[in-house]
Amino acid sequence: MLIDVHHHSFTPRYREALAKHGYDNVGGIPAPAWDTSIAQGQMERNGITHAITSISAPGVHFGDDQEARAIARDCNESSASRSREHPQQFGFFAVLPLPDIDGALAEIAHAFDELHADGVVLMSSHLDGSYLGDPRFDEVMAELDRRGAVAFIHPQVPTTGVAPAVDIPVFAMDFTFDTTRAAFNLVWQGTVERYPNIRFILAHAGGTVPYLAWRFNLLWAPNSPAIQRAPKGALHYLQQFYYDTALSANAHSLASLMQLVSADQVLFGSDFPFAPELITTVSVANMR
């Protein structure tokens, strides 16, 4: 079986929300066509037996909690319906309306208890500038930990600071950095230590995590405050994450990743439909 843990889906309401809030592209790529039949064709042609769908950046929170809750519910109900109709082909990661804490807790309960989600998708950061690992999200993390949940971390378009004056689509560079910031912050703030039952999956082979892991670990010098929060050291916690191969199933990326984790921590991801089917075909071939 080839299971794709990084496969994006859309609902009409979600497309409307993207247009309403000015997202004519995501990470520099226009939102592509997608429906169940398109997904099934791509899966069949590439030997993918099961896809776990999720919402991509920018997530569902555009500044209004009530709107975010409604969009999240629509996306999750639609995904659950698809999974019921095609249980052998589709599962889903439920999207949460973070940084709305109360809304996220309510959606976790609904997604797991009523919709039987396979896990949740979390954006690495949010429009208010907050990142995963921020202690304000501990209540959400505690609930995911209690459930032993899978949490798929997808990069976000950074929203703070001055945008770099380079004309390079965000997906090619800044996405990887935002994943790294979230992963490092989850470790640095002690979130992974406090909530060890959450099974985190980092998109795109962890962004730049494998390359920077040893450098990050230098912060655990004697008397570092990080020792109190995360006593086992950075490398230990980074090796607890799972990593998908989306846009990373190549010799350069995998060589670095496989120095950090074992093959058991590496999961297949296609990033379809943002990555065209040709990328899926090449990725599958490179994994064999």
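A distance of 9.0 Å separates OG of Ser270 from CG of Asp244, quoted to the nearest 0.5 Å. Taking NE2 of His21 as the start and CG of Leu127 as the end, the distance is 9.5 Å to the nearest 0.5 Å. Atoms NE2 and CG, from His154 and Asp178 in turn, are 11.0 Å apart once rounded to the nearest 0.5 Å. If you take CG on Leu132 and CD on Gln156, they are separated by 10.5 Å, rounding to the nearest 0.5 Å.
For Arg82 and Thr53, the side-chain atoms include at least one donor-acceptor pair closer than 3.5 Å. Residues His204 and Asp271 have side chains that bring a donor and an acceptor to within less than 3.5 angstrom of each other.
Ion pairing between a basic and an acidic side chain is recognised when a charged N comes within 4.0 Å of a carboxylate O; Glu77 and Arg13 show no such pairing.
Every pair passing ring pair (Phe, Tyr, Trp, His ring centres under 6.0 Å) that includes a residue from residues 72-122 is listed here, sequence neighbours excluded: Phe93-Phe152. Residues in residues 257-288 take part in these ring pair (Phe, Tyr, Trp, His ring centres under 6.0 Å) pairs, two or more places apart or across chains: His7-Phe272, His8-Phe274, Phe10-Phe274.
Put simply, the side chain of Thr280 does not reach to within 4.5 Å of the side chain of Ser283, judged on heavy atoms.
Under the ring pair (Phe, Tyr, Trp, His ring centres under 6.0 Å) criterion, Tyr242 pairs with no residue at all, not counting sequence neighbours. Judged as a salt bridge (Lys or Arg N to Asp or Glu O under 4.0 Å), and not counting sequence neighbours, Arg199 has no contacts. Listed by chain and residue number, nothing satisfies the ring pair (Phe, Tyr, Trp, His ring centres under 6.0 Å) test with Tyr14 (two or more places apart in sequence, or in another chain). Asp4 meets the salt bridge (Lys or Arg N to Asp or Glu O under 4.0 Å) test with no other residue; sequence neighbours excluded.
Atom CD of Gln239 has more than 12 neighbouring heavy atoms from other residues, nucleotides or ligands inside a 6.0 Å radius.
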Item to check | Stepwise side-chain hydrogen bond (donor to acceptor under 3.5 Å, both in side chains) test for Glu193 and Tyr237 | outcome: CA-CA 8 Å; Glu193 169 69 21; Tyr237 299 106; 2.6 Å; yes
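The aromatic rings of Phe62 and Tyr23 lie tilted to each other, with the angle between the two planes from 30° to 60°.
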